[in-house]
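The structure under discussion appears below in the form of C-alpha cells.
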Amino acid sequence: MKKILLVLLSIVIIVGGYIGYTKAQKLLPFYQQLTQTHVGTEVDLQPKTQKEAHYVGAAKCMECHKGKYDSWSHSQHPKMIQDLVKDPSVVVADFSKLPKDANFKLSDATYTVGGKFKQRYMIRKDRNGTEDYVLGNYQWNVQTKKWQHFKPWKYWYKTAYPHDNEELPTSRACDGCHFTGFMSQQQRVDTGISCEACHGPASEHVKDPDSKVYQADMSDPVRQNEVCLQCHMRNRDKRLDDQNMSAIYGDARDYPFGYEPGKKLSEYKKVAPFTPGHETKEFYANGMGKKNRTQGNEYVHSMMSKHGITCINCHNPHTLAPTAQNNTGNALCMKCHSFGSLVGPHQKSLQAHTHHKANSKGSLCVECHMPKVGRHTGKSPLTVRSHAFGFVTPRETLMYDMPPETNACFACHKNDRSMQTLQKDLESWGMVGWDKR
Ligand code: HEC
Ligand code: HEC
Ligand code: HEC
Ligand code: HEC
Ligand code: HEC
Ligand code: HEC
Ligand code: HEC
Ligand code: HEC
C-alpha cells in the first residue's frame, strides 16, 4: 500500500512539475528581452559608424542578404509607394468611373499610395525647384470599390495649409513614412519601406560589413519598438511643443522629421494628444483608435507593452507575418500564454476562459482582445484591429459612446443578442473585472 502511494505521489510530483515547467518555459525564450535593463529614451543608440552614412537603397543589400531581401520583398512594406508609369498594373482603381470633378487623370499621376485598403495618387508638383508631389482629390476605396473625396488638408494641420489639395505637399504630410531615406535626409531613395527605414543609413556598412548598422532587437523593449513607432503612430509636428501652428504655416510635418533608427525617437516625435474620457477625431474616449495607423498610440498603454512585449514578438519584421492574417487559430497568442498560468488566462481551459466551444469562433483570442474598432476612411467598414490588448465590456462600449459594432461580443451577436443581454452574460460568467477597475 505504502509503495503504491509513494509511486502515485512521485507521479503527481513529476506530472505537476512538468506542467508547471512547460507553462513557465513558454516565456523562457523571452527571458533576456523581458529582463533587459532599460537604457531610457534619452540615450542615442545609433552606431557611431552610421553617423556620417547616407541611404543607399535595398538593391545594394540584396547582394549579401538575399534571404532577408526575398522575404521582405513579398511583404506589404515595399508596396506602399509604387511607380504606376513603370508598372500600370499597380493601379487597383476603376478610372473609367472617376468622377467628373476630379482634379487629375490617371496620366497625371506618378505614384500610387497604398492599395490594400485604399489607394491615393501622387501628382508631381515641385516646390521652389525641389521635387515634390500633391494628392489627387479622389481616392479609391478598395473595401467598398468606390471613388470617394479625399481632402487631407482637413487633418490636424488644417490651420497650417490652404484648404486645397494642390497646396499640400506630400513632402510635409506623407513622404517621411512612405519612402525610405526621406524621414531624415529628405531623399526618396526607395519607394516604400525598405531595409534602411529600420536599420538606418548603410553606405558605410555596404563598403565594409564590419561597420555596424542598427538592429532593433539588440535594444531594450521600449527602444526596440521605436523603429516601428516612427511610422505606426498618429503624430503632431514636434515644433508645436514650443511654437504655434501659424509659426510653421506651410511647413507642418506629419512625421518625426530627422529620426533615424537608434536615435531617440522622443526628440523627434510629438504624439497625437489624448486625454482619457475625451473623444477626438482620432481616438475614442477610452483611447482606442478610430482610424488606421493608431497601433503605436494604443499599444504603448497596454499591459503587454508595459511587460516588455514588442511588435516584433508578433510580427516578423521582414515578412510581417505571422499576423494571424486569416485569424484561424490561437497559436500566436499561445506562444506565451497558457491556461491557469500567471500570465493568464487564469482559467483552466480555453472553454472555461471564453465560455464558447473550443472550436467556436468565439474562442479566438484575437476576436475578443483585438476587436475591429477603426476604419480606414469615414466610409470604410470596421476592419482595423485594436492593439490595446484589453477587453471592452458592452457596458463600457456604451459608456464611452463607441458604436456597438466595435464591441467584440456584439460584433458576432448583433443578430441574436442585445448589448444589455451580452453584458448580463458576461456578469453571469463573472468576467467583468476590467470594467470595474
Ligand atoms: C558586401 C556584403 C554586404 C552588403 C552589401 C550588406 N551587408 Fe549587411 N552584413 C554583411 C555581413 C557579412 C554581416 C555580418 C557582420 C557581422 O556579423 O559582424 C552583415 C550584417 C548586417 C546586419 C546585422 C547587424 C550588423 O551590423 O552586424 C544588418 C541589420 C545588415 N547587415 C543590414 C544590411 C543592409 C540594410 C544592407 C543594405 C543597405 C546591407 N546589410 C548590405 C554583409 C553585407
Ligand atoms: C520593418 C523594419 C525592417 C525592415 C524593413 C527590414 N528589417 Fe532587417 N531587421 C529588423 C529587425 C527588427 C531585426 C531584428 C529582429 C529579427 O532578426 O527578426 C532585423 C534583423 C536583420 C538582420 C540580422 C538578422 C540576423 O539573423 O542576425 C539582417 C541581416 C537584416 N535585418 C537585413 C535586412 C535587409 C537586407 C532588409 C531589406 C531587404 C531588411 N532587413 C529590412 C527590421 C527590419
Ligand atoms: C517607414 C515607415 C514604416 C516603418 C519603419 C514600419 N512600418 Fe509597417 N507599415 C508602414 C506602411 C506605410 C504600411 C502599409 C503598407 C501598404 O499597405 O502597402 C505598413 C504595414 C505594416 C503591416 C501590415 C502588413 C499587411 O500585410 O497588411 C504590419 C503588420 C507592419 N507594417 C508592421 C511593422 C512593424 C512590426 C514594424 C517595425 C519592425 C514596422 N511595420 C515598421 C510603414 C512603416
Ligand atoms: C507617421 C507616418 C505616416 C504619415 C505621415 C502618413 N502615413 Fe500613411 N500610413 C502609415 C502607416 C504606418 C500605414 C499602415 C498602417 C495602418 O494603415 O494602420 C499607412 C497607411 C496608409 C494607406 C493605406 C495603405 C493601403 O495599402 O491601403 C494610405 C493610402 C496612406 N497611408 C496614405 C497616406 C497619405 C496620403 C499621407 C499624407 C497625407 C499619409 N499616409 C501620411 C504611416 C504614415
Ligand atoms: C500580441 C501580438 C501583437 C503585437 C504585440 C502587435 N501586433 Fe500588430 N497585429 C497582431 C494581430 C493578431 C493582427 C491582426 C492580423 C489580421 O487580422 O490579419 C495585427 C495587425 C497589425 C497590423 C495590420 C492592421 C490592419 O488594420 O490590418 C499592423 C499595421 C500592425 N499589426 C502593426 C503592429 C505594430 C506597429 C505593433 C507594435 C506597436 C504591433 N502590431 C504589435 C498582433 C500583434
Ligand atoms: C511574446 C509573448 C506574448 C505573446 C506572443 C502574447 N502575449 Fe499577451 N501577454 C504577455 C505578457 C508577458 C503579459 C503580461 C502578463 C501580466 O500582466 O502578468 C500579457 C498580457 C496579456 C493580456 C492582459 C492585459 C492586461 O491588461 O492585463 C491580454 C488580454 C493578452 N496578453 C492577450 C494576448 C493576445 C490576444 C495575444 C495574441 C494576439 C497575446 N497576448 C500574445 C505575453 C505575450
Ligand atoms: C468571433 C465571434 C464571437 C465572439 C467575439 C463572441 N461570440 Fe458568443 N458565440 C459565437 C458563436 C459562433 C456561438 C455559437 C455557439 C458556440 O460556439 O458556443 C456563440 C454563443 C454564445 C452564447 C450562447 C448562446 C446560446 O444561445 O446558447 C452566449 C451567451 C454568447 N455567445 C455570449 C458572448 C459574449 C458575452 C461575448 C463577449 C464576451 C461573445 N459571445 C463573443 C460567436 C462569438
Ligand atoms: C469570448 C471572449 C474572449 C476570448 C475569445 C478570449 N478572452 Fe481573454 N478575456 C476575456 C475577458 C472578458 C477577460 C476579462 C476577465 C475578467 O475580468 O475576469 C479576459 C481576460 C484575459 C486575460 C487577463 C488575465 C485573466 O485571466 O483575467 C488574458 C491574459 C487573456 N484574457 C488572454 C486570452 C487568450 C490568450 C485568449 C485565446 C486563447 C483569450 N484570452 C480569449 C474574454 C475573452
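Note: hydrogens, waters and symmetry copies are ignored here, and every other heavy atom, side chains too, is used. Every number for a ligand or one of its atoms is a count from 1 in the order of the listing.
- Under 4.0 angstrom from ligand 3, there are no non-hydrogen atoms of M183.
- With ligand atoms numbered from 1 in the order given, ligand 5 contributes 1 (C), 2 (C), 3 (C), 4 (C), 5 (C), 42 (C), 43 (C) to contacts under 4.0 Å with heavy atoms of C314.
- Here C231 does not reach atom 8 (Fe) of ligand 3: none of its N/O/S atoms is less than 2.8 Å from the metal.
- Listed by atom number, the atoms of ligand 8 under 4.0 Å from M334 heavy atoms are 38 (C).
- Close approach to K116 involves these atoms of ligand 3, each under 4.0 Å from a residue heavy atom: 25 (C), 26 (O), 27 (O).
- With sequence neighbours left out, H205 forms a ring-ring contact (aromatic ring centres under 6.0 Å, His included) with no residue at all.
- Contact atoms of ligand 8 toward H337: 29 (C), 35 (C) (distance under 4.0 Å to a heavy atom of the residue).
- A donor-acceptor contact closer than 3.5 angstrom is absent between the side chains of S171 and Q186.
- Contact analysis leaves H355 out of contact with ligand 8, as no non-hydrogen atom separation drops below 4.0 angstrom.
- Judged by distance alone, the side chains of Y268 and S184 never bring a donor and an acceptor atom under 3.5 Å apart.
- Side-chain contact between R293 and H376 is absent, with no heavy atoms from C-beta onward closer than 4.5 Å.
- Contact between L229 and ligand 5 is present, with at least one heavy atom of the residue lying under 4.0 Å from the ligand.
- Both cation-pi conditions hold for K291 and Y155: the charged atom is under 6.0 angstrom from the six-membered ring centre and inside a 45 degree cone around its axis.
- Less than 4.0 angstrom separates some heavy atom of S363 from each of these atoms of ligand 8: 5 (C).
- Near R385, with a cut-off below 4.0 Å to any heavy atom, the atoms of ligand 5 are 14 (C), 17 (O).
- For ligand 5, none of its N or O atoms has an N or O atom of Y299 under 3.5 Å away.
- With a cut-off of 2.8 Å, atom 8 (Fe) of ligand 3 has an N, O or S atom of H232 in range.
- In this structure, N313 falls outside the shell of residues with a heavy atom less than 4.0 angstrom from ligand 5.
- For ligand 8, the polar-atom distance check against H346 finds a nitrogen or oxygen pair separated by under 3.5 Å.
- Proximity of N292 to ligand 5, defined as any heavy-atom pair under 4.0 Å, is not found for any part of the residue.
- Heavy-atom distances between L320 and ligand 5 stay at or above 4.0 Å for every pair.
- Of the heavy atoms in I312, only side-chain atoms (C-beta onward) come closer than 4.0 Å to ligand 3.
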Stepwise salt bridge (charged side-chain N to carboxylate O under 4.0 Å, His left out) test for K105 and D108: CA-CA 5 Å; K105 310 185 290 300; D108 295 331; 3.6 Å; yes
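- Listed here is the closest heavy atom pair of T354 and W429: O-CZ3, 3.9 Å.
- The L364 neighbourhood of ligand 8 comprises atoms 5 (C), with distances under 4.0 Å to a heavy atom of that residue.
- Taking each heavy atom of Y121 and A109 in turn, the nearest pair found is CB-CB, 4.1 Å.
- Per-residue contacts place F117 under 4.0 angstrom from the following atoms of ligand 5 (heavy atoms of the residue considered): 27 (O).
- Under 4.0 Å from ligand 3, heavy atoms of M80 appear from its side chain as well as its backbone.
- The distance from ligand 3 to the heavy atoms of H178 drops below 4.0 Å at these ligand atoms: 12 (C).
- For atom 8 (Fe) of ligand 3, the nearest N, O or S atom contributed by H77 is named NE2.
- Taking every heavy atom of V343 and a limit of under 4.0 angstrom, the matching atoms of ligand 8 come to 29 (C).
- Residue contacts with ligand 3: C177 is included, with a non-hydrogen atom under 4.0 Å away.
- Relative to atom 11 (C) of ligand 8, the option among M304, M303, M431 with the closest non-hydrogen atom is M431.
- Nearest heavy atom pair, residue P394 against residue L422, reads CG-CB, 3.9 Å.
- With distances taken over non-hydrogen atoms, the option nearest atom 20 (C) of ligand 5 out of H387, Q295, R375 is H387.
- For ligand 5, the atoms closer than 4.0 angstrom to any heavy atom of F389 are 1 (C), 2 (C), 3 (C), 4 (C), 43 (C).
- Here is the list of ligand 8 atoms found below 4.0 Å of a heavy atom in V432: 17 (O).
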Derivation of the ring pair (Phe, Tyr, Trp, His ring centres under 6.0 Å) call for W140 and F150: CA-CA 9 Å; W140 178 257; F150 177 53; over 10 Å; no
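- In terms of polar-atom proximity, defined here as any N/O pair under 3.5 Å, Q76 does make such a contact with ligand 3.
- In summary, the atoms of ligand 5 found under 4.0 Å from a heavy atom of T310, numbered by their order in the structure, are 5 (C).
- The shortest N or O to N or O distance between H356 and ligand 8 is not under 3.5 Å.
- Residue contact check for ligand 8: V366 places no non-hydrogen atom closer than 4.0 Å to it.
- A donor-acceptor pair under 3.5 Å links the side-chain atoms of Y161 to the main chain of A252, judged by distance alone.
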Ring pair (Phe, Tyr, Trp, His ring centres under 6.0 Å) assessment of F179 paired with Y55: CA-CA 11 Å; F179 287 86; Y55 290 83; over 10 Å; no
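- Taking every non-hydrogen atom of F339 and a distance limit under 4.0 Å, the qualifying atoms of ligand 8 come out as 38 (C).
- Summary: NE2 is the N/O/S atom of H315 found nearest to atom 8 (Fe) of ligand 5.
- Taking a cut-off of under 4.0 Å to the non-hydrogen atoms of L350, the atoms of ligand 8 that pass are 38 (C).
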